[in-house]
K.L.:
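Have a look at this one before I ask anything.
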Amino acid sequence: MLTKRIVPCLDIKDGRTVKGVNFVDLRDAGDPVELAEIYANEGADELVFLDITATEQKRRTLAELVMHVAEKVNIPFTVGGGISSVEDVDLLLNSGADKVSINSSAVKNPQLINDLAAKFGSQCVVVAIDAKQIDGEWMVHLVGGKVPTDIKLFEWAKEVEERGAGEILFTSMNHDGTKNGFANKALAHLSDLVNIPIIASGGAGNMQHFADTFIDGKADAALAASVFHFKEIEIVDLKKELKKKNIPVRL
Amino acid sequence: MKIVIINYGAGNIQSIKFAIKRLGYEAVLTDNEEEIRNADKVIFPGVGEASSAMEKLKHTGLDKVIPTLKQPVLGICLGMQLMCKYCEEGNTNGLNIFDVDVIKFDGSEKVPQIGWNQIENLKSDLFKGIKEKEYMYLVHSFYVTLNEETIATTNYGIKYASALKEKNFYGVQFHPEKSSKAGAQILQNFLEL
């Protein structure tokens, strides 16, 4: 049986792991390669590296870091942040990344999704969507959630699937950093709407939140950062707890 | 031991190279026929789309080389699929090493399948020390139907072949290089065949 995935996210700035509250006020939580190895050994199913400064600063790649991670880590990982071209992706995949995640660049140039899927296959194309619920409507935001757009989350999700995305990483700006749980209603709707895996992001605070997002939110994977970085939740404990609730996990 | 990874411009080759390095071996990337024929073990990777990958193999003549190899050959993911008779993806014939077709998941489950799933009904030295229902990392939209060459099965809506063996040829749908310690064990087993 395919298991639900637990995905620690390492936000990277200047080669170090950071995690902010609502994407502001960054704190330093360590060396990414070392952290990645620890998570892999503790039972993480996958890792995501997001260079959160990349979009603003137009910094292109994390190729060197990716190479170091690929050398040490024996589980799959996704890299995102400032990726805007087929050449960017080629370099990252050749450096050892399994998947790339694109966000603002996909909104600005949706054809990029088609191009990446055609050249590298849908399986390595994750489209990350940051959205905020405003007056009841989920709206897509850019640049780490700072810039609003007039694009509706559910319409955009459908479009990225049709263009060849292999997965959607959905972050709720209303929930991110709050530790009050994931945006399960929106997640469940997304999961019913598209037939590609959905990674839930934003709001993890305790173990029950993960169980809720897998059951109520119908998520295929759940991503979190600070609860793992600051040892508030140990991955192995989380997986045991999920197993007790009959949620399929790899233990 | 001389290990080669067939380089034809389709695949996450770096990860396989690093996985082999973690086991204490060095692998050489090559598309050179002589170098491939002289190797003790050959790894045939692949990520991406089947018909364009097949075109690349034809372009380099590797489509004629691979089926005639005598040493143990391990196809991974798309590599395994290309070793089959026919791939629905891009409507292309494969290398016809395994007498079986590769078809698309019908969509009753999410496609692609992405994540950790179990391998069972294990039948080969490739799985020495691997327990039934061990978890492996898989990413794919097309699958190999069950046949007599099946040495492992996985369930995803339907039961399909997640590993194949015919003479010196092995194929795995999952990514041993990305499947934690159990994956490393399978790679080690292959290198020790």
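The basis for the numbers below is simple: all heavy atoms, side chains too, and nothing from hydrogens, waters or symmetry mates.
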K.L.:
Looking only at the side chains, is there a donor atom on one of A:N41 and A:E37 sitting less than 3.5 Å from an acceptor on the other?
P.N.:
no
K.L.:
Compute the ring centroids of B:F98 and B:F169, then answer whether they are less than 6.0 Å apart.
P.N.:
no
K.L.:
Check each atom of A:K72 against the heavy atoms of chain B and say whether the ones under 4.5 Å are side chain, backbone, both or neither.
P.N.:
backbone
K.L.:
Name the member of A:S95, A:C124, A:S122 that forms the most heavy-atom pairs with chain B at distances under 4.5 Å.
P.N.:
A:S95
K.L.:
Please check if the side chain of B:Q113 supplies one atom and the backbone of B:H140 the other of a donor-acceptor pair under 3.5 Å.
P.N.:
no
K.L.:
If we define contacts as heavy-atom pairs under 4.5 Å, which of A:N195, A:I196, A:V249, A:V73 has the most with chain B?
P.N.:
A:N195
K.L.:
What part of A:D98 is in contact with chain B, defined as an atom under 4.5 angstrom from a non-hydrogen atom: side chain, backbone, both or neither?
P.N.:
both
K.L.:
Below 4.5 Å from any heavy atom of chain B, which atoms of A:I198 appear? Answer side chain, backbone, both or neither.
P.N.:
both
K.L.:
So which of B:I114, B:V139, B:L138 has the biggest tally of heavy-atom pairs under 4.5 Å with chain A?
P.N.:
B:I114
K.L.:
For the pair B:F105 and B:Y143, name the ring-plane relationship: parallel under 30°, tilted 30 to 60°, perpendicular over 60°.
P.N.:
parallel
K.L.:
For chain B, find which of A:G121, A:P76, A:G166 contributes the most heavy-atom pairs closer than 4.5 angstrom.
P.N.:
A:P76
K.L.:
Would you confirm whether B:E177, through its side chain, and B:F18, through its main-chain N or O, come within 3.5 Å as a donor-acceptor pair?
P.N.:
no
K.L.:
Please check if any side-chain donor atom of B:Q81 sits under 3.5 Å from a side-chain acceptor atom of B:Q173, or the reverse.
P.N.:
yes
K.L.:
Under a 4.5 Å heavy-atom cut-off, does chain A meet the side chain of B:S179, its backbone, both or neither?
P.N.:
backbone
K.L.:
Between A:S191 and chain B, which part of the residue has a heavy atom less than 4.5 Å away: side chain, backbone, both or neither?
P.N.:
both
K.L.:
Report the option among B:T154, B:V111, B:N155 that has the most heavy-atom pairs separated by less than 4.5 Å from atoms of chain A.
P.N.:
B:V111
K.L.:
Work out which heavy atom in B:S124 is nearest to a heavy atom in B:K165; give both atom names and the distance.
P.N.:
OG-CD, 4.2 Å
K.L.:
Counting heavy-atom pairs closer than 4.5 Å to chain B, which one of A:E71, A:R5, A:E46, A:Q123 comes out on top?
P.N.:
A:E71
K.L.:
Any donor-acceptor pair under 3.5 Å linking the side chain of B:K104 with the backbone of B:E88?
P.N.:
no
K.L.:
Is A:R250 in contact with chain B via its backbone, its side chain, both, or neither, using a 4.5 Å heavy-atom distance?
P.N.:
both
K.L.:
Can any side-chain N or O of B:N189 pair as donor or acceptor with the backbone N or O of B:K128 at less than 3.5 Å?
P.N.:
yes
K.L.:
Just give me the residue among A:D220, A:L251, A:V194 that pairs up with chain B most often, heavy atom to heavy atom, under 4.5 Å.
P.N.:
A:D220
K.L.:
Give, as side chain, backbone, both or neither, the part of B:E109 having an atom under 4.5 angstrom from any heavy atom of chain A.
P.N.:
backbone
K.L.:
Given 3.5 Å as the limit, does a donor-acceptor pair link the side chain of A:E234 with the main chain of A:D237, or not?
P.N.:
no
K.L.:
Contact part of A:T3 toward chain B, heavy-atom cut-off under 4.5 Å: side chain, backbone, both or neither?
P.N.:
both
K.L.:
Can you say whether A:A117 sits under 4.5 Å from chain B via the side chain, the backbone, both, or neither, judging by heavy atoms?
P.N.:
neither
